[in-house]
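One structure is given below, encoded as structure tokens.
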Amino acid sequence: MIRIILIWLNTFIFLAISFVHFYWVFGGKKALEYVIPVRFKQIFFNTENRLKVAIATATVALVLLVFALISFLNYDNFLEIQSLRGPTN
């Protein structure tokens with residue numbers, strides 16, 4: 001039972017972080033000032049690099065979404081393995 005909870009928790013965490021990145025890609029500003037170090041703010045928050053930063057952030061969001069999908073698919077595999085083993089005493 002604890003494994004199932006951990007798989008769901010892992011999936012939820014990856015989805016949440018992925019959705020935050022998608023929020024930033026589509027123009028969200030909330031909490032953005034807390035995640036970029038001060039020394040990089042001038043580099044990231046200028047008009048020349050806006051597209052590069054959006055592409056990089058979208059890539060991170062997609063990778064996190066894939067990780068969530070892999071984690072969720074692991075849930076199905078876990079249930080299948082458990083059913084093959086039969087009941088445990």
Side-chain angles (χ1 to χ4, degrees):
M1 181 66 180
I2 191 74
R3 288 182 184 174
I4 293 172
I5 293 171
L6 290 175
I7 290 171
W8 278 100
L9 181 65
N10 192 35
T11 302
F12 174 76
I13 289 171
F14 278 130
L15 282 176
I17 297 171
S18 175
F19 289 149
V20 168
H21 280 79
F22 279 121
Y23 168 75
W24 288 331
V25 167
F26 292 113
K29 301 290 184 201
K30 195 167 196 156
L32 196 57
E33 65 272 3
Y34 298 116
V35 295
I36 298 179
V38 174
R39 64 182 184 176
F40 294 121
K41 283 190 179 187
Q42 290 180 350
I43 296 170
F44 287 114
F45 291 120
N46 64 32
T47 56
E48 295 173 3
N49 292 332
R50 181 177 288 175
L51 181 62
K52 291 178 188 177
V53 172
I55 290 171
T57 306
T59 302
V60 170
L62 287 172
V63 168
L64 288 167
L65 194 61
V66 168
F67 286 164
L69 181 64
I70 290 170
S71 180
F72 181 71
L73 292 176
N74 188 23
Y75 174 73
D76 290 338
N77 291 337
F78 177 73
L79 290 180
E80 183 178 323
I81 290 170
Q82 289 297 94
S83 66
L84 291 176
R85 289 183 185 168
T88 58
N89 294 331

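As a basis for the values below, the full set of heavy atoms in this structure was taken, side chains included, without hydrogen atoms, waters or symmetry mates. Heads up: numbering here begins at 1 and tracks the sequence.
The two residues Ala61 and Ser18 have their closest heavy-atom pair at O-OG, 2.8 Å. Contact detail for Thr11 and Ser71: the closest heavy-atom pair is OG1-OG, 2.9 Å. Residues Trp24 and Lys30 approach most closely at NE1-O, 3.1 Å, considering heavy atoms.
Val25 and Val63 are assigned to two separate hydrophobic clusters, defined by single-linkage of ILVMFWY side chains at heavy-atom distances under 4.5 Å. Leu64 and Phe12 are assigned to two separate hydrophobic clusters, defined by single-linkage of ILVMFWY side chains at heavy-atom distances under 4.5 Å. There is a path of hydrophobic side-chain contacts, each under 4.5 Å, that joins Phe14 to Leu9. In the hydrophobic clustering of ILVMFWY residues, with side-chain heavy atoms under 4.5 Å counting as a link, Val66 and Phe19 come out apart. Ile36 and Phe26 are not part of a single hydrophobic cluster, where members link through side-chain heavy atoms under 4.5 Å apart.
Between the side chain of Trp8 and the backbone N or O of Phe72, no donor-acceptor pair lies under 3.5 Å. Thr57 contributes a side-chain N or O that, together with a main-chain N or O of Val53, makes up a donor-acceptor pair within less than 3.5 Å.
The number of heavy-atom neighbours closer than 6.0 Å to CZ of Phe67, taken from other residues, nucleotides and ligands shown, is 12 or below.
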Criterion side-chain contact (heavy atoms from CB on, under 4.5 Å) on Asn10 and Leu6, from CA distance to verdict:
CA-CA 6 Å; Asn10 192 35; Leu6 290 175; over 6 Å; no
Kindly indicate, with the supporting measurements, whether the criterion side-chain contact (heavy atoms from CB on, under 4.5 Å) is fulfilled by Leu65 and Phe22.
CA-CA 10 Å; Leu65 194 61; Phe22 279 121; 4.2 Å; yes
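Atom CG in Asn49 sits 11.0 Å away from atom CD1 in Ile55 (nearest 0.5 Å).
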